[in-house]
There are 2 protein chains.
Amino acid sequence: MLRNDITVAIRNAVMSELAEVGYGRLSIEAVARRAGVGKTAIYRRWSNKLEMVLEIITEVAGRKVPLPDTGSFAGDLDLLMMIVSKALQHRVASQIIPDLMAEAARNPQIAETLQKVLRTHQQAVGEKLVGQAIARGELPENTDPDVAVDLILGPLYWRLAVARQPIGDDYLEKLSAAVLGSLRGDAKK
Amino acid sequence: MLRNDITVAIRNAVMSELAEVGYGRLSIEAVARRAGVGKTAIYRRWSNKLEMVLEIITEVAGRKVPLPDTGSFAGDLDLLMMIVSKALQHRVASQIIPDLMAEAARNPQIAETLQKVLRTHQQAVGEKLVGQAIARGELPENTDPDVAVDLILGPLYWRLAVARQPIGDDYLEKLSAAVLGSLRGDAKK
DNA sequence: AAACGGCGGAACGCAACCGTTACGTCGTAG
DNA sequence: CTACGACGTAACGGTTGCGTTCCGCCGTTT
């Protein structure tokens with residue numbers, strides 16, 4: 001029986017290595033070194049780097065974020081933005097996610113995995129949020145959930161994970177107000 | 001005197017290699033192979049992989065995009081979005097940019113260079129656009145150019161370079177309408 | 001008490017790449 | 001016609017990582 005403490009140590013080491021050197025430079029030997037285990041312990045669990053990383057990020061990202069439902073679209077939006085911005089401000093996450101996203105452009109398996117654990121979930125959140133808002137009459141019926149998701153997540157991702165600019169206290173408020181305005185009035189087909 | 005055709009061949013090879021394997025895995029030997037030159041020709045020009053890449057991306061990105069000025073904010077916005085979306089749909093650009101962005105998180109020199117060639121320019125564009133629009137009375141005076149830039153570039157970058165979803169004919173129109181609405185009415189402090 | 005199995009460590013042969021050097025070729029400037 | 005200098009090729013010793021194998025240790029199971 002594989003020892004669980006060893007598995008956990010490896011998992012943590014992989015996340016740290018991913019953050020530090022990225023997928024491209026990640027090496028099994030470095031993971032073993034950092035985890036304080038032998039290479040054999042790793043090869044006993046996975047047969048290569050890709051399989052190992054895919055399994056681990058699936059496991060980590062699998063912890064679903066609860067869908068917000070505060071009763072109003074504005075409330076949902078604020079909450080969602082708070083959750084996302086918190087997540088993207090975690091040091092490890094903000095290093096690993098853009099790195100894997102870039103890697104996904106060349107590796108179909110990584111792309112598929114990320115799509116599964118991130119994009120699908122986002123889409124669900126977006127559709128639910130927009131659907132509820134339309135049902136309540138807070139948004140026009142022809143609001144495009146696709147555009148809405150891009151409008152909500154794009155600026156945050158851009159700011160936090162790409163430009164890496166700090167956000168002030170009022171930034172989230174301004175942003176959510178802007179998004180709200182854009183969807184409410186003018187995202188017509 | 002260093003031969004210019006060789007320099008150009010190397011430059012192209014670096015860009016292709018960056019797109020294909022990313023900065024992390026880029027090797028001098030692979031660049032030389034692809035360019036059909038000897039390693040010596042490369043080391044005669046630069047002393048490092050980092051130095052080489054920095055010089056080349058600076059050169060490439062240095063070709064400035066002209067600031068749009070169509071006479072109306074809506075027109076400027078449409079034009080800017082068209083330019084950016086075109087750029088982000090180029091295969092090589094959409095591979096290299098996210099990769100270098102991710103790498104920038106670990107390498108201060110890359111971060112600085114990208115900041116110089118991308119962020120600074122964006123900021124200038126954003127400030128000019130918003131400034132003009134305010135002067136014309138098309139946007140409220142307290143519009144935050146920072147938020148505006150994020151709102152304009154974020155969704156496009158997210159969609160094209162991160163999620164890598166194709167955009168339909170009407171997507172840009174919808175998006176620009178949404179951004180316009182958000183800035184015009186509700187990005188108040 | 002004995003057998004089993006996961007463990008770390010060490011070493012294996014192999015491949016890629018580093019940055020440097022020596023050499024011979026070839027085009028061009030003088 | 002000569003000298004120079006950039007070029008490609010090849011080889012250098014050294015490092016890193018691959019994936020595999022063998023070993024001895026040690027806790028658990030039986």
Side-chain angles (χ1 to χ4, degrees), chain A residues 1-57 59 95-96 99-100 102-103 106-110 113, chain B residues 1-57 59 95-96 99-100 102-103 106-110 113:
Chain A
M1 189 81 310
L2 299 176
R3 272 170 54 185
N4 196 54
D5 56 332
I6 302 286
T7 305
V8 169
I10 296 174
R11 225 193 290 281
N12 292 338
V14 167
M15 296 300 285
S16 304
E17 278 301 301
L18 269 184
E20 220 163 88
V21 304
Y23 178 82
R25 276 206 209 284
L26 182 135
S27 79
I28 302 280
E29 306 223 343
V31 170
R33 238 173 291 146
R34 183 188 285 256
V37 307
K39 278 201 292 179
T40 43
I42 294 180
Y43 281 109
R44 203 170 287 124
R45 289 168 171 76
W46 304 278
S47 58
N48 48 55
K49 160 173 147 179
L50 177 59
E51 188 184 305
M52 174 180 73
V53 169
L54 288 182
E55 200 262 9
I56 290 177
I57 64 175
E59 203 278 341
Q95 292 262 62
I96 289 181
D99 183 85
L100 289 179
E103 199 61 34
R106 22 188 117 86
N107 190 317
Q109 300 212 52
I110 293 184
T113 300
Chain B
M1 189 86 301
L2 298 175
R3 271 169 55 187
N4 195 54
D5 56 333
I6 302 286
T7 305
V8 170
I10 296 173
R11 225 194 290 280
N12 292 338
V14 167
M15 295 301 284
S16 305
E17 209 58 26
L18 268 184
E20 217 163 271
V21 304
Y23 178 83
R25 279 201 206 286
L26 182 132
S27 79
I28 302 281
E29 307 222 343
V31 170
R33 237 172 304 161
R34 182 186 286 255
V37 306
K39 279 199 291 178
T40 43
I42 296 180
Y43 280 111
R44 202 170 288 124
R45 289 168 172 78
W46 305 278
S47 59
N48 280 312
K49 158 172 148 180
L50 177 59
E51 189 184 304
M52 174 181 72
V53 169
L54 288 183
E55 200 262 8
I56 289 177
I57 63 175
E59 204 278 340
Q95 292 263 61
I96 291 183
D99 183 84
L100 289 180
E103 198 61 35
R106 348 188 148 88
N107 190 317
Q109 301 212 53
I110 293 184
T113 300

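To find a chain, count down the sequence lines: A is the first, B the second, and so on, and within it residues start at 1.
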So which protein N/O to nucleotides 17-25 of chain D N/O distances come out below 3.5 Å?
| residue | atom | partner | partner atom | Å |
| --- | --- | --- | --- | --- |
| D/dG17 | OP2 | A/Arg33 | NH2 | 3.0 |
| D/dC18 | OP1 | A/Ile28 | N | 2.8 |
| D/dC18 | OP2 | A/Ile28 | N | 3.1 |
| D/dC18 | OP2 | A/Glu29 | N | 3.1 |
| D/dG19 | OP2 | A/Tyr43 | OH | 2.7 |
| D/dG19 | N7 | A/Lys39 | NZ | 3.0 |
| D/dG19 | O6 | A/Lys39 | NZ | 2.7 |

Set out, line by line, the N/O atom pairs under 3.5 Å between protein and nucleotides 27-30 of chain C.
none

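In this structure, B/Met1 atom CE and D/dC7 atom P are separated by 10 Å, rounded to whole Å. One can place CG of A/Leu2 at 18 Å from P of D/dG27, the figure rounded to the nearest angstrom. As rounded to whole Å, 16 Å separates atom P of C/dG5 from atom CZ of A/Arg45. In this entry the distance linking CG of B/Leu50 with P of C/dC17 reads 19 Å, nearest Å. Spacing between atom CD1 of A/Ile42 and atom C1' of C/dG6 amounts to 14 Å, rounded to whole angstrom units.
Among residues at least two apart or in separate chains, salt bridge (Lys or Arg N to Asp or Glu O under 4.0 Å) pairs with a member in residues 4-16 of chain B are B/Arg3-B/Asp5, B/Arg11-B/Glu55.
Among residues two or more places apart in sequence or in another chain, the side-chain hydrogen bond (donor to acceptor under 3.5 Å, both in side chains) test is passed with B/Glu17 by B/Arg34. Partners of B/Ser47 by side-chain hydrogen bond (donor to acceptor under 3.5 Å, both in side chains), not counting sequence neighbours, listed by chain and number: B/Glu51. For B/Arg25, the side-chain contact (heavy atoms from CB on, under 4.5 Å) partners two or more places apart in sequence, or in a different chain, are A/Tyr23, A/Lys49, B/Val21. In this view, A/Ala32 and A/Val37, A/Lys39, A/Ile42 satisfy the side-chain contact (heavy atoms from CB on, under 4.5 Å) rule, not counting sequence neighbours. Applying the side-chain contact (heavy atoms from CB on, under 4.5 Å) rule to A/Thr40 yields the partners A/Arg44; only residues at least two apart in sequence or on another chain are considered. For A/Thr113, the side-chain contact (heavy atoms from CB on, under 4.5 Å) test picks out A/Leu54, A/Ile57, A/Thr58, with sequence neighbours left out.
Remark: B/Ile96 CD1 to B/Glu20 CD distance equals 10.5 Å, nearest 0.5 Å.
For B/Arg3 and D/dC7, the shortest distance from a side-chain N or O to OP1 or OP2 is not below 4.0 Å.
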